Amino acid sequence: MTDQTLVQVVLPGVVEPEGLQVRHATVPLPGPGQVLIAMEATGVSFAEQQMRRGRYYDQPPFPFVPGYDVVGRVDATGAGVDPGLTGRRVAVLTKVGGWASHVLADARDAVEVPEGVTAEQAETVVVNGITAWQMLHRRARVRAGQTILVHGASGGVGSVLAQLALVAGATVIGTASARNHDALRAAGVIPIDYRAADVPDQVRELAPGGVDAVFDHVGGRSVVDSWHLLAPGGTLVAYGSASTRDDTGSKQLPVLKIIARTMLWNALPNGRGASFFNIWAGKKLHRTRFRARLRADLGEVFAALRRGDISAPIGARLPLAQAAEALRLAESGTVTGKIILTP
């Protein structure tokens with residue numbers, strides 16, 4: 001290890017982005033089964049934006065280091081870990097802890113980044129790519145010839161999901177702001193302005209018999225509309241509650257409402273299905289299976305990225321010390337693409 005200073009960005013509580021704190025310490029040594037990763041790229045996602053507000057569904061108590069994922073080189077290995085991993089570029093889904101110059105991780109959670117994929121390219125599709133792949137292929141099992149609706153089709157998860165669906169041979173209808181419609185059309189997506197009052201009516205005009213799957217990160221009324229847009233046998237996958245981002249009530253209540261609705265809908269004898277997707281579901285009970293799926297699915301996403309089947313633009317690059325500015329920029333909604341933090 002050449003750099004003995006650990007730099008971490010700490011979220012001390014419910015604060016404005018400028019309230020983030022930078023902490024310096026000694027770089028830790030990896031314990032048994034661990035690797036120490038020298039961060040090359042981490043990112044700002046919707047999760048960190050919600051955590052700043054204290055509104056992410058299962059965030060840890062303050063203070064903590066945010067950062068949902070990290071990409072970097074293995075700097076050192078602990079006992080029981082192949083020392084040959086040292087120097088290799090890996091990606092890890094962390095949930096928290098990624099906004100740091102060095103990150104300790106279980107070696108079994110580290111997925112190697114293939115040659116030809118840069119750290120920044122990989123970072124754009126770690127949490128977003130895994131989420132999109134698992135919702136598309138493991139939950140909804142979308143196949144060629146189907147028609148799907150992707151809310152937020154120009155967003156982090158939505159854009160990757162739309163691209164993966166097009167590769168799978170599906171027709172994709174995507175909601176997005178009007179300024180992103182030309183890019184969506186060029187990619188093969190049928191765009192709808194999410195600000196329009198008649199979004200459900202526009203979807204019905206495009207798919208009179210209903211859509212085969214809807215992917216909804218909005219929550220609230222949108223989830224109900226999404227359910228009613230399903231064709232017989234269709235699947236609704238909800239994975240967020242963005243519409244309640246600025247609410248001051250319980251952070252669990254919006255998600256619990258969605259889960260309750262999906263349970264009720266699944267009890268109806270109409271052949272449709274609904275679920276709330278949480279990427280961490282089942283990890284505690286089925287840790288081995290969780291890791292195997294994560295490794296396999298992220299491998300598929302990296303392969304698609306390397307082939308050029310998908311791309312995820314980088315909206316901005318800022319150094320870790322400017323995490324507050326990066327978070328403010330992400331929350332402004334003025335940047336298209338992933339905001340990357342580098343050492």
Side-chain angles (χ1 to χ4, degrees), residues 5-28 30-31 34 36-37 39 41-72 92-106 109 123 126-128 130-131 156-157 217 219 239-259 276-281 283-284 316 318-333 338-343:
T5 300
L6 170 66
V7 181
Q8 295 176 312
V9 175
V10 179
L11 184 56
V14 178
V15 296
E16 293 300 310
E18 291 73 21
L20 291 171
Q21 300 171 356
V22 177
R23 179 171 65 193
H24 296 83
T26 301
V27 174
Q34 290 185 321
L36 176 68
I37 300 168
M39 184 269 286
T42 183
V44 183
S45 66
F46 185 68
E48 288 90 23
Q49 298 173 46
Q50 288 294 78
M51 287 178 187
R52 178 187 74 75
R53 297 174 172 85
R55 296 198 54 77
Y56 192 72
Y57 178 66
D58 55 355
Q59 69 185 72
F62 297 115
F64 63 89
V65 177
Y68 216 90
D69 53 16
V70 65
V71 177
V92 179
L93 197 65
T94 55
K95 184 185 284 188
V96 295
W99 288 7
S101 62
H102 298 79
V103 177
L104 286 175
D106 192 310
D109 293 331
E123 168 56 31
V126 180
V127 61
N128 291 343
I130 281 288
T131 301
V157 174
H217 72 297
Y239 64 103
S241 56
S243 64
T244 64
R245 186 185 74 172
D246 297 318
D247 288 0
T248 57
S250 166
K251 64 175 179 282
Q252 289 93 357
L253 188 57
V255 171
L256 292 176
K257 283 183 176 180
I258 296 173
I259 294 173
F276 184 84
F277 178 82
N278 179 350
I279 198 170
W280 302 99
K283 181 177 181 179
K284 291 182 179 179
L318 292 93
L320 182 64
Q322 295 181 24
E325 182 181 340
L327 186 55
R328 177 71 72 187
L329 186 61
E331 294 183 1
S332 72
K338 185 84 173 189
I339 296 177
I340 301 289
L341 293 172
T342 62

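Just so we're clear, the structure is a prediction, and the values are computed from it rather than from any experiment. Throughout, numbering of the chain's residues begins at 1 and tracks the sequence. Side chains included, hydrogens not; waters and symmetry mates left out as well; all remaining heavy atoms used.
- When side chains are defined from C-beta on, V22 counts as touching V7, because their heavy atoms get closer than 4.5 Å.
- For the residue pair A330 and Q49, the shortest heavy atom distance occurs at CB-NE2, 3.8 Å.
- Taking the side chain as every heavy atom from C-beta outward, I130 and I279 approach each other to under 4.5 Å.
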- [ ] Mind running side-chain contact (heavy atoms from CB on, under 4.5 Å) on V92 and V103 for me, showing each step along the way?
- [x] CA-CA 9 Å; V92 179; V103 177; over 6 Å; no
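- Taking the side chain to side chain donor-acceptor pair (under 3.5 Å) definition, one finds that E123 meets it with nothing, sequence neighbours left out.
- Applying the side-chain contact (heavy atoms from CB on, under 4.5 Å) rule to P60 yields the partners F64, V96; only residues at least two apart in sequence or on another chain are considered.
- Between S241 and V255 the shortest heavy-atom distance is OG-CG2, 4.2 Å.
- Proximity of a side-chain donor or acceptor of Q59 to a complementary backbone N or O of Y56 within less than 3.5 Å is detected.
- Residues satisfying the side chain to side chain donor-acceptor pair (under 3.5 Å) test with T26, not counting sequence neighbours, are none.
- Across all their heavy atoms, M39 and T342 have their closest contact at CE-C, 3.9 Å.
- Judged purely by atom type and a 3.5 angstrom limit, T94 uses its side chain to pair as donor or acceptor with the backbone of G67.
- Annotation: salt bridge (charged side-chain N to carboxylate O under 4.0 Å, His left out) contacts of E16 (sequence neighbours excluded): R52, R328.
- In this structure, NZ on K95 lies 8.0 Å from NZ on K283, to the nearest 0.5 angstrom.
- A search for side chain to side chain donor-acceptor pair (under 3.5 Å) contacts involving S45 returns E48, not counting sequence neighbours.
- Looking only at side-chain heavy atoms (C-beta outward), T5 and S101 stay at 4.5 Å or farther from each other.
- Nearest approach of L320 to W99, heavy atoms of both residues: CD1-C, 3.8 Å.
- Legend: residues meeting side chain to side chain donor-acceptor pair (under 3.5 Å) with N278, ordered by chain and number and at least two apart, are absent.
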- [ ] Determine, step by step, whether L93 and V127 satisfy the side-chain contact (heavy atoms from CB on, under 4.5 Å) criterion, reporting the C-alpha distance in whole Å, the side-chain angles of both residues, the deciding distance to 0.1 Å, and the verdict.
- [x] CA-CA 7 Å; L93 197 65; V127 61; 3.8 Å; yes
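- The nearest pair of heavy atoms linking G43 to D69 is N-OD1, 4.2 Å.
- Here OG1 of T42 is found 8.0 Å from CD1 of I340. Values are rounded to the nearest 0.5 Å.
- The distance from the CZ atom of F46 to the CE atom of M51 is 11.0 Å, given to the nearest 0.5 Å.
- The side-chain contact (heavy atoms from CB on, under 4.5 Å) check on K257 picks up L253, with sequence neighbours excluded.
- Taking the side chain as every heavy atom from C-beta outward, Q322 and L329 never approach each other to under 4.5 Å.
- Applying the side-chain contact (heavy atoms from CB on, under 4.5 Å) criterion to V15, with sequence neighbours excluded, gives L11, P12.
- For Y68 against A47, the heavy-atom pair with the smallest separation is CD1-CB, 3.5 Å.
- Applying the side-chain contact (heavy atoms from CB on, under 4.5 Å) test to A326 and every residue at least two apart in sequence or in another chain returns V44, L318, I339, L341.
- In this structure, CD on Q8 lies 13.0 Å from CG on L20, to the nearest 0.5 angstrom.
- One finds the CD1 atom of I258 at 14.0 Å from the CZ atom of F277 (value rounded to the nearest 0.5 Å).
- Taking 4.5 Å as the limit, every side-chain heavy atom of H217 sits out of range of all side-chain heavy atoms of V157.
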